[in-house]
Amino acid sequence: MSDSTALAHGQHDAPDHDHEEHPAYLRHHFENIEQQADAAGFAMWLFLLTEVMFFGGMFTAYLIYRNWYYPAFVEASHQLNIFWGTLNTLVLITSSFTMAMGVWCAETRKQKGLVLCLVLTFILGLGFLGIKSIEYGEKIEKHHVPGFHYSLQSFTNPASDPEIFKEYHDKPLMGDMARHTEMYFSLYFAMTGMHALHMIIGIAILGFMIFRARAGAYTSGHVTFVENFGLYWHFVDIIWIFLFPLLYLISRHQ
Amino acid sequence: MTDQKEMEESQHHVVSPMIYLGVFITLLIFTGLTVAASFVEMGVFNPIVALAIGCIKAVIVVLFFMHVKYSSKLTKLTVFAGIFTFLVLIGMTLADYFSRAWGRW
């Protein structure tokens with residue numbers, strides 16, 4: 001007999017309960033475990049769809065402004081480093097894989113495996129943020145952060161930025177169009193910043209989950225929390241799957 | 001033995017690690033493809049190819065990592081309806097912006 005059933009017995013010894021035996025984690029307003037799990041998954045998806053709409057607004061803004069200020073967006077995106085972007089994509093996809101394995105470990109009640117997967121996901125998440133901070137650092141050094149200290153030099157005089165120039169041979173942007181590169185970086189920081197915020201929240205929850213998993217909380221049958229967190233983590237991965245080509249890749253040849 | 005049976009009855013479908021591994025490798029291959037494609041001069045098709053590969057990757061993640069393939073009809077319908085609504089919103093917004101006031105921005 002499993003631990004959870006034994007626990008359920010202990011709590012429901014009193015004969016005044018007129019319904020059938022059930023695990024302790026089944027809430028009373030649900031008919032059975034299946035219904036409870038379906039309801040939790042459904043609610044998580046509703047939340048994720050609000051997130052889709054939230055990020056979708058920024059993606060739409062990006063596409064519209066890219067269409068309007070096309071030369072500025074092309075040259076500004078040449079400032080991004082494809083090596084770091086690709087590495088970060090690999091890190092994030094790997095973390096999604098370790099998270100999926102963590103969900104499997106919880107479902108099959110493997111406590112050590114679950115803790116290992118959660119720790120790996122935690123480390124890969126931090127690795128992603130570390131690489132992102134290197135990229136942000138480059139932008140700060142070159143004064144490509146929108147605001148009072150924003151510098152147009154890389155765009156009005158591309159030859160002054162030899163590392164980028166030798167790869168892309170960009171032509172100087174004139175007047176207003178050079179100014180519009182600031183719009184690219186505003187959207188770049190808004191989108192990757194919001195994505196990074198979701199990563200930070202996810203990493204904080206992962207830290208909490210590692211402690212709970214070590215105490216055996218998710219390997220006695222009740223896996224809803226791990227599964228729903230998995231959904232959240234994969235969703236954050238999907239956002240990056242679209243951010244990466246849109247910000248880094250699609251303007252290389254224009 | 002009863003424990004095993006109880007788990008099978010009360011728990012939903014458990015996706016096997018081999019499927020996760022296959023999905024992981026597929027995602028790595030598509031990441032390589034999308035980076036490689038960005039180094040090929042394709043004109044207007046560069047963004048189209050990049051977004052198509054992104055969509056394929058996202059669908060694979062949703063179906064397998066997020067278990068939608070093995071979920072209830074309610075979940076499938078919710079996800080589909082949500083993404084459909086999102087595409088309508090983004091599609092109509094972009095159609096409006098791209099077809100109006102040409103050259104006056």
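What you see is a predicted model, and the numbers here were worked out from it, not measured in a lab. Naming convention: chains lettered A, B, ... in sequence-line order (proteins, then strands); numbering from 1 in each chain.
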Chemist: Top residue by heavy-atom pair count (under 4.5 Å) with chain B, among G57(A), G41(A), S96(A), G85(A)?
Modeler: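 Result: the option with the highest number of such pairs is S96(A).
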
Chemist: For V79(B) and L48(A): C-alpha separation, side-chain torsions, deciding distance, then whether side-chain contact (heavy atoms from CB on, under 4.5 Å) applies.
Modeler: CA-CA 9 Å; V79(B) 174; L48(A) 291 183; over 6 Å; no

Chemist: Please indicate whether F54(A) has more than 12 foreign heavy atoms, meaning atoms of other residues, nucleotides or ligands, lying under 6.0 Å from its CZ.
Modeler: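 Counting other residues, nucleotides and ligands, CZ of F54(A) exceeds 12 neighbours.
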
Chemist: Within a 6.0 Å radius of atom OH on Y65(A), are there more than 12 heavy atoms belonging to other residues, nucleotides or ligands?
Modeler: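 At most 12 heavy atoms, drawn from other residues, nucleotides or ligands, come within 6.0 Å of this atom.
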
Chemist: With a 4.5 angstrom heavy-atom cut-off, could you sort out which part of F39(B) is near chain A: side chain, backbone, both or neither?
Modeler: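 The answer is both parts of F39(B).
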
Chemist: With a 4.5 angstrom heavy-atom cut-off, is it the side chain or the backbone of I238(A) that approaches chain B, or both, or neither?
Modeler: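 Interface part for I238(A): side chain.
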
Chemist: To the nearest 0.5 angstrom, please state how far the CH2 atom of W45(A) sits from the NZ atom of K76(B).
Modeler: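 NZ of K76(B) is found 12.5 Å from CH2 of W45(A).
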
Chemist: Report the C-alpha distance between L246(A) and L51(B) in whole Å, list the side-chain angles of each, state the deciding distance to 0.1 Å, and finish with yes or no for side-chain contact (heavy atoms from CB on, under 4.5 Å).
Modeler: CA-CA 8 Å; L246(A) 285 177; L51(B) 280 176; 3.9 Å; yes

Chemist: Is it the side chain or the backbone of T60(A) that comes within 4.5 Å of chain B heavy atoms, both, or neither?
Modeler: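 Backbone plus side chain of T60(A), per the 4.5 Å heavy-atom cut-off to chain B.
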
Chemist: Atom CG of D237(A) and atom CE of M66(B): how far apart are they, to the nearest 0.5 Å?
Modeler: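 Answer for the CG-CE pair, D237(A) versus M66(B), is 9.5 Å.
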
Chemist: Quick check on V68(B) against chain A: is it the side chain, the backbone, both or neither that has a heavy atom closer than 4.5 Å?
Modeler: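 For V68(B), the side chain is the part near chain A, not the backbone.
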
Chemist: Go through the atoms of T75(B) and report whether side chain, backbone, both or neither lie under 4.5 Å from a heavy atom of chain A.
Modeler: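 It is the side chain, since no backbone atom gets that close.
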
Chemist: Got a second to check how far I48(B)'s CD1 is from I250(A)'s CD1, nearest 0.5 Å?
Modeler: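 The distance works out to 10.5 Å.
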
Chemist: With only heavy atoms counted, which part of T78(B) is less than 4.5 Å from chain A, the side chain, the backbone, both or neither?
Modeler: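 Backbone plus side chain of T78(B), per the 4.5 Å heavy-atom cut-off to chain A.
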
Chemist: Decide yes or no for F65(B) and M99(A): does some side-chain heavy atom of the first lie under 4.5 Å from some side-chain heavy atom of the second?
Modeler: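 F65(B) vs M99(A): side chains apart.
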
Chemist: Side chain, backbone, both or neither: which part of T94(A) has a heavy atom under 4.5 Å from chain B?
Modeler: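 Contact with chain B: backbone and side chain both.
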
Chemist: For the residue pair F98(B) and L63(A), what are the closest heavy atoms and their distance?
Modeler: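 So the minimum-distance heavy-atom pair works out to CZ-O, 3.8 Å.
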
Chemist: Identify the two heavy atoms, one from S72(B) and one from D38(A), that lie closest to each other, and give their separation to 0.1 Å.
Modeler: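 Scanning both residues completely, I find the closest heavy atoms to be CB-OD2, 4.0 Å.
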
Chemist: Show the nearest heavy-atom pair for residues E107(A) and V15(B), with the distance to one decimal.
Modeler: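 Between these two residues, the closest heavy atoms are OE1-N, 4.3 Å.
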
Chemist: Rounded to the nearest 0.5 Å, how far does CG of N67(A) lie from CG of L94(B)?
Modeler: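 Answer for the CG-CG pair, L94(B) versus N67(A), is 8.5 Å.
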
Chemist: Select one option (side chain, backbone, both, neither) describing which atoms of L89(B) are under 4.5 Å from chain A's heavy atoms.
Modeler: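 Side chain of L89(B) only, per the 4.5 Å heavy-atom cut-off to chain A.
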
Chemist: Taking side chain as everything from C-beta outward and backbone as N, CA, C, O, which of these in Y248(A) sits under 4.5 Å from a heavy atom of chain B? Side chain, backbone, both or neither.
Modeler: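 For Y248(A), no heavy atom lies under 4.5 Å from chain B.
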
Chemist: Taking it one step at a time, do V62(B) and F235(A) satisfy side-chain contact (heavy atoms from CB on, under 4.5 Å)?
Modeler: CA-CA 8 Å; V62(B) 167; F235(A) 164 79; over 6 Å; no

Chemist: When rounded to the nearest 0.5 angstrom, what is the spacing between CD1 in I64(A) and CG in D96(B)?
Modeler: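 CG of D96(B) is found 8.5 Å from CD1 of I64(A).
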
Chemist: With chain A, which of A37(B), G32(B), C55(B), A81(B) has the greatest number of heavy-atom pairs at distances under 4.5 Å?
Modeler: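 That would be C55(B).
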
Chemist: Is F97(A) in contact with chain B via its backbone, its side chain, both, or neither, using a 4.5 Å heavy-atom distance?
Modeler: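 Interface part for F97(A): both.
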
Chemist: The test is side-chain contact (heavy atoms from CB on, under 4.5 Å); show your working for M53(A) and T85(B) and say whether it passes.
Modeler: CA-CA 9 Å; M53(A) 298 300 165; T85(B) 311; 4.3 Å; yes

Chemist: With a 4.5 Å cut-off on side-chain heavy atoms, are T31(B) and I93(A) touching?
Modeler: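 Side-chain contact under 4.5 Å: yes.
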
